[in-house]
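Read the structure below first, then the notes.
Just the heavy atoms: all of them, side chains too, but no hydrogens, waters or symmetry mates, feed the values below. Note on naming: letters A, B, ... go to the chains in the order of the sequence lines (proteins, then strands), and numbering restarts at 1 for each one.
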There are 2 protein chains.
Amino acid sequence: MCVMSQNPPRPRWSFDEAVSRVPFLRALEAGDLKRLRPYATFRTIPRGQPVWSRDDELSHYVFLVAGHAKLCRACETGRDVILDVCAPGELLCASAVANFSPACCTCLAMDEDVTVVLLPRRDVLRMIEQSAPAAGALLHETSGRDMRLGRRIVELSSGQVERRVAALLVRLADQIGATDHAGHVQIPLRLSRQDLADLCGTTMETTIRTMTKLAREDIVHTGTLGPIITNRIRLDLLAGGAG
Amino acid sequence: MCVMSQNPPRPRWSFDEAVSRVPFLRALEAGDLKRLRPYATFRTIPRGQPVWSRDDELSHYVFLVAGHAKLCRACETGRDVILDVCAPGELLCASAVANFSPACCTCLAMDEDVTVVLLPRRDVLRMIEQSAPAAGALLHETSGRDMRLGRRIVELSSGQVERRVAALLVRLADQIGATDHAGHVQIPLRLSRQDLADLCGTTMETTIRTMTKLAREDIVHTGTLGPIITNRIRLDLLAGGAG
DNA sequence: TCTGAGACATGACGCACATCATACGCCGGT
DNA sequence: ACCGGCGTATGATGTGCGTCATGTCTCAGA
């Protein structure tokens with residue numbers, strides 16, 4: 001299903017560490033966690049490598065423990081689409097696993113050494129049959145995904161490219177950004193120009209022009225860890241409420 | 001929460017009728033259905049009226065029994081976005097109900113006398129706590145929604161307006177279309193030009209030009225019940241795999 | 001140290017499309 | 001029968017953006 005990192009898993013990726021980072025696991029009762037623990041496995045994937053590929057048969061629920069991952073789909077026209085960028089703690093895919101169907105997208109690691117925990121479908125489904133908190137936690141997870149995908153649709157429909165880029169950056173800032181003492185917002189996510197283009201439904205050249213313009217106007221700069229928003233008010237205006 | 005139709009509900013909107021049309025209800029065991037039945041209520045909403053409005057507090061899971069509904073959000077720029085069009089049998093909103101948060105969009109009836117069944121959140125949550133088929137059915141429902149929203153993102157990212165319109169029509173044809181003896185596909189959904197524009201992230205004028213062009217090329221026509229695809233092969237080509 | 005690959009950047013050009021304006025047809029109400 | 005509102009349609013214009021090409025910089029490997 002995916003390339004297993006050659007280096008053995010770091011000792012700190014214990015099940016308890018995963019529990020501390022994954023809301024779904026935190027919501028489970030002690031008995032459920034105990035029963036689930038022996039079946040959980042970990043994988044660490046290098047940047048750019050797939051967690052899974054499109055049309056893979058998925059037999060595990062996959063939660064992100066560390067790093068970010070993107071859900072991609074290639075179109076026949078050659079253009080790629082990024083459906084979503086997932087943050088630590090989130091469920092990577094529910095639809096294909098729940099429906100016993102092949103994966104409809106490819107999941108790629110976006111940071112070095114992205115770590116996921118895999119929970120077998122059979123054990124998860126048995127657990128939610130027997131446990132109210134487990135079922136509620138999984139529903140909470142999938143409804144969170146719904147809201148994020150809905151927000152993506154609003155971004156993509158918001159108008160011309162500059163507004164779509166602005167809307168994306170505003171949302172990423174709200175979702176995973178960290179504000180420093182100067183009021184700047186660091187988005188800790190290394191996004192190439194092609195990534196931004198795939199997220200905003202445009203071409204890499206147009207995205208480069210947009211980001212260069214935003215840098216020239218001192219609104220957004222690109223740092224080594226990811227975009228830095230230096231004028232959040234202006235960016236909000238450019239996003240026009242779609243962020 | 002919404003306008004209640006002045007005419008009393010038609011006798012045929014019984015709970016049994018709702019069960020026959022809503023997959024989630026069909027998946028429930030007899031005992032669960034029996035316990036749920038007294039709490040289910042029905043509403044019939046005229047075309048254009050809201051099932052609920054943005055920021056409403058939702059206390060019920062709402063399933064569509066008859067007709068279609070659209071989930072809309074207005075942006076600060078004045079542009080409206082249609083997040084999704086829902087078909088009979090589907091759950092209209094899970095996120096806000098599950099998360100005890102205000103509705104993030106407005107739900108509007110798209111046909112005359114759209115009918116919904118409302119199931120109180122408390123009773124649904126209690127039921128999925130106690131019943132494996134119920135929890136599985138609700139997860140199946142929300143994961144179906146994920147896949148549809150993912151497909152919407154692909155449509156919106158597919159390129160220029162004509163391709164986005166084509167991708168939308170291809171998907172609607174697959175989802176709710178009916179093929180007649182001549183091979184034409186009737187999409188039984190009255191969509192105004194403004195609706196199509198809101199679904200495709202463009203303006204009403206551009207959509208009118210696109211639909212007029214498609215009609216001139218004898219690919220898609222607009223009938224009284226909704227769009228009619230007269231050349232599915234050409235439309236697939238225009239959609240470029242994003243349908 | 002040198003080279004090649006990958007990512008970012010810029011230029012030129014032509015088409016797509018948003019915006020604003022106006023016209024037409026249909027339907028419902030008076 | 002007439003009028004007004006709504007939806008569809010068309011025209012004109014200017015800006016946005018996709019496409020193709022070329023240049024520059026950085027980094028890693030030989």
Side-chain angles (χ1 to χ4, degrees), chain A residues 46-49 70 75 77-82 108 110 112 156-168 189-217 220-228 238-240 242, chain B residues 46-49 70 75 77-82 108 110 112 156-168 189-217 220-228 238-240 242:
Chain A
R47 178 181 171 87
Q49 293 299 315
K70 61 187 180 185
C75 293
T77 53
R79 177 176 281 196
D80 286 343
V81 175
I82 296 182
L108 295 172
M110 298 185 79
E112 286 304 327
L156 285 166
S157 306
S158 58
Q160 297 181 346
V161 169
E162 187 178 51
R163 174 165 285 156
R164 302 206 298 271
V165 169
L168 171 74
L189 188 57
R190 282 174 59 206
L191 291 162
S192 69
R193 294 311 183 236
Q194 187 62 61
D195 285 334
L196 285 167
D198 295 343
L199 280 159
C200 294
T202 185
T203 63
M204 187 254 299
E205 292 93 340
T206 302
T207 302
I208 287 173
R209 293 186 225 275
T210 305
M211 292 302 290
T212 304
K213 177 171 182 276
L214 291 175
R216 215 168 44 242
E217 295 173 357
V220 177
H221 292 275
T222 304
T224 54
L225 297 179
I228 303 172
L238 288 175
Chain B
R47 179 182 171 86
Q49 292 298 315
K70 61 188 179 183
C75 293
T77 53
R79 179 176 278 198
D80 286 344
V81 175
I82 296 181
L108 296 172
M110 297 185 82
E112 286 302 329
L156 287 165
S157 307
S158 58
Q160 296 180 347
V161 170
E162 187 178 49
R163 175 165 284 156
R164 302 207 296 273
V165 169
L168 170 74
L189 189 58
R190 284 175 56 207
L191 291 162
S192 69
R193 292 314 185 231
Q194 186 62 62
D195 284 335
L196 285 168
D198 295 343
L199 281 160
C200 293
T202 185
T203 64
M204 185 254 297
E205 292 93 339
T206 301
T207 303
I208 287 173
R209 291 185 227 275
T210 305
M211 294 301 290
T212 303
K213 178 170 180 280
L214 290 175
R216 216 169 40 243
E217 295 174 354
V220 178
H221 292 276
T222 304
T224 53
L225 298 178
I228 302 172
L238 288 174

Under 3.5 Å: donor-acceptor pair, side chain of A:Arg164, backbone of A:Gly201: yes
Expressed in angstrom and rounded to an integer, what is the separation of A:Glu162 atom CD from D:dC17 atom C1'? 13 Å
Contact residues, residues 198-209 of chain B to DNA chain C [heavy atom, < 4.0 Å]: B:Thr202, B:Thr203, B:Glu205, B:Thr206, B:Arg209
In whole Å, what is the span from the CZ atom of A:Arg164 to the P atom of D:dC17? 7 Å
Does the side chain of B:Thr207 pick up a donor-acceptor pair with the side chain of B:Thr210 at under 3.5 Å? no
Within this structure, what is the CD-to-C1' distance between A:Gln160 and D:dG14, rounded to whole angstrom? 12 Å
Only one of B:Val81, B:Thr202, B:Leu199 forms a side-chain contact (heavy atoms from CB on, under 4.5 Å) with A:Ser157, so which one is it? B:Val81
For the student: nearest non-hydrogen atoms of A:Ala166 and A:Ala239, plus distance: CB-N, 3.7 Å
Can you tell me how far C1' of D:dT19 sits from CD of A:Gln194, to the nearest Å? 14 Å
Hey, could you give me the CG/CD1 distance between B:Asp195 and B:Ile82, rounded to the nearest 0.5 Å? 4.5 Å
Whole Å only: how far is the CZ atom of B:Arg190 from the C1' atom of D:dG7? 11 Å
Is B:Glu205 salt-bridged to B:Arg209, going by a charged N under 4.0 Å from an acidic O? no
B:Thr206 and B:Arg193 side chains, donor-acceptor separation under 3.5 Å: no
Quick one: pull up CG in A:Asp198 and CZ in A:Arg79 and give me the separation to the nearest 0.5 Å. 8.5 Å
On DNA chain C, which is the earliest and which the latest nucleotide, 5' to 3', with an atom closer than 4.0 Å to a heavy atom of chain A? C:dC8 to C:dA18
